[in-house]
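Before any comments, here is the structure.
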Amino acid sequence: MSRRRLALMAAAGLVLAAAAPPVATAHTPAPHADTLVTYRVPIRRTQDAQTLIAAGFDVLERREGNDLFVLGDPTTAASLRHIGFSPTAVRTQPRPTPNTTRPAAGDTYDGGYRTVDGNYAHLDQVAAQHPDLATVVTYGQSWRKKQASASGRDLKAICVTKTQPGDCALVPNSAKPRFFLMGQIHAREITTGEVALRWIDELTTQYGKDADITKLMDTTEMWVVPMANPDGVDIVASGGDNPVLHRKNANDSHGATCGRRGQIGIDLNRNADTHWGGLGTSRQPCGQEYLGPAADSEPETTALQGLFRQLYPAVRTGTESGDPAPADARGMMISLHGDANMVLLPWGFDHTAHTGSDSRLRALASEMGSLTGYKSGQAGELLYDASGGTDDWTFDKLGLASFTIEIGDSDARGCDGFTPPYSCQDSYFWPKLKPALLYAAQHAAAPYQTTVAATG
């Protein structure tokens, strides 16, 4: 562990200790717990973001200049001021009551967003309508299902390609290169699951009609996990037209008494066994960035990693941060998040550390940023450092060219936040994301080669 990381973590711990009284009460019911407030919080030092996260505040994946955003309730402002911050309330909204015991009924909620049932039914429908183009795969079970809960879920992926013998097999040395897209590992980031479904539909409905799509489908396997956290999505959808802003999975064995001002579960994007426990994580079970009791503690995490290992060979043999992936490595992975406007590349755990493939990853991220109108860089350069994430794990363990796209409204179109109007999906987000996803998939065959060219 670097001196910088030790210093930042120590600083966060000192401030957390000083703030213990107000933060400790943040996980018990409060008089104003039925109201959600978004605060704009100016930061002055690099470690300020880590202080907020370590203290259990819900630091949103959004940044404007030197200001971060924290989601809380009317009493959160006092807790923030107690540890030296100057918050300004910028949005107030009612807090829905989650139903944590059973999934939401029906296939859609909040104007058209797919429930888990609706999402999985769509995958099955695509496979039934296009048997030569799509194959649904069950790759694991959610935390609830592992507990034998009736509300638990299978974990599902879909392989989309013009199927030839041997395609979509769960073996790492595939004939075709593979592009992997995943959404809703953070359940409340509901745009990400919808973008993933539109990618599936574009590939299957435009095959034989669009030349670029047809060529891509003939030469590449596209793997998609639209909902990496289905238990969490069930909690989100339980709010109906007022979705519950639940980020984590449904594991209530740590922090079961969080109350309305906290949140059960483990942050699956802090739980992966790569630099686990570092910057950008919280050890408070009710905190939004709670990393879990151990690395890879959650079945959703281990199942996803198992799927990656079945699909990609481990070609990065070095273990140091600066070790590169081989220049001839194939494959690419994108994890969709919200709601910043960014394309992020490894390393996420510490922006002062760079991969040995940094220049190539930056070139790809920059091009995707140009296509979306988003900024590109490492997480700590644009937002804040975050350890134990999926894209760090896939690069670290496999050498896979890996990125996070933070989907947001960069044009002030009224499509910001975790629950934008459903009409934003077709009118705004999909036209913005389609060119970047097509570009990425077209480069899955040789992501570390030197030439970077846009596809128009």
Side-chain angles (χ1 to χ4, degrees), residues 58 60-61 71 95-126 136-147 149-158 181-200 224-252 263-271 288 290 298-301 303-304 307 335-339 390 407 417-420 422 424-425 429:
D58 187 357
L60 303 182
E61 294 177 344
L71 185 65
R95 182 200 299 267
T97 301
N99 185 331
T100 60
T101 61
R102 66 180 186 273
D107 287 344
T108 64
Y109 67 102
D110 195 26
Y113 289 99
R114 251 68 69 100
T115 62
V116 179
D117 285 336
N119 189 296
Y120 285 2
H122 190 78
L123 297 185
D124 291 338
Q125 182 183 49
V126 168
V136 177
V137 173
T138 297
Y139 67 91
Q141 295 180 333
S142 71
W143 184 85
R144 282 178 172 171
K145 190 155 189 177
K146 286 286 188 179
Q147 312 309 306
S149 169
S151 62
R153 297 289 189 172
D154 287 327
L155 304 174
K156 293 194 175 185
I158 189 169
L181 182 71
M182 58 179 286
Q184 281 189 278
I185 193 169
H186 288 155
R188 67 189 181 184
E189 295 163 15
I190 60 181
T191 289
T192 66
E194 292 295 321
V195 168
L197 289 185
R198 279 159 179 74
W199 173 241
I200 295 166
V224 188
V225 174
M227 290 181 172
N229 180 10
D231 284 354
V233 176
D234 277 331
I235 296 174
V236 172
S238 73
D241 290 340
N242 190 13
V244 179
L245 300 185
H246 189 87
R247 170 186 173 98
K248 303 184 286 182
N249 74 351
N251 184 347
D252 63 0
Q263 189 178 102
I264 63 167
I266 280 78
D267 185 344
L268 299 176
N269 203 46
R270 300 294 187 274
N271 188 239
Q288 294 288 353
Y290 177 50
E298 303 312 292
E300 294 92 346
T301 306
L304 187 63
L307 179 61
S335 179
L336 299 176
H337 285 255
D339 80 303
T390 309
I407 303 175
F418 292 131
T419 61
Y422 185 70
C424 292
Q425 300 307 320
F429 289 124

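Each residue takes its place number in the sequence, starting with 1. The shown structure was predicted, so the numbers you read here are calculated from the model rather than taken from an experiment.
Partners of Ala196 by side-chain contact (heavy atoms from CB on, under 4.5 Å), not counting sequence neighbours, listed by chain and number: Leu181, Val224, Pro226. Looking at residues two or more places apart in sequence or on another chain, you find no side-chain hydrogen bond (donor to acceptor under 3.5 Å, both in side chains) involving Asn119. Applying the side-chain contact (heavy atoms from CB on, under 4.5 Å) rule to Asn271 yields the partners Ile266, Trp276, Ser297, Glu298, Thr301; only residues at least two apart in sequence or on another chain are considered. Partners of Thr138 under the side-chain contact (heavy atoms from CB on, under 4.5 Å) rule, at least two apart in sequence or in another chain, are Asp154, Lys156. In this structure His246 satisfies the ring-ring contact (aromatic ring centres under 6.0 Å, His included) test with no other residue, sequence neighbours excluded. With sequence neighbours left out, the ring-ring contact (aromatic ring centres under 6.0 Å, His included) criterion links Tyr113 to Tyr422.
No donor-acceptor pair under 3.5 Å is formed between the side chain of Asn242 and the backbone N or O of Arg95. Using a distance-only test at 3.5 Å, with no hydrogens or angles considered, a donor-acceptor pair links the side chain of Glu194 to the main chain of Arg114.
Comment: Arg153 does not engage Asp231 in a salt bridge, judged by the lack of any side-chain N to carboxylate O separation of less than 4.0 angstrom.
The two residues Arg144 and Asp234 come nearest to each other via the heavy atoms NH1-CB, 4.2 Å. When all heavy atoms of Ser142 and Pro230 are compared, the closest pair comes out as CB-CG, 4.4 Å. The shortest non-hydrogen separation linking Gly106 to Thr115 is O-OG1, 2.8 Å. Closest approach of Ser149 and Ser151 over heavy atoms only: OG-OG, 2.9 Å. Shown here for Arg247 and Asn229, the closest heavy-atom pair between the two residues is O-ND2, 3.6 Å.
A donor and an acceptor atom, one from each side chain of Thr191 and Gln425, are located under 3.5 Å apart.
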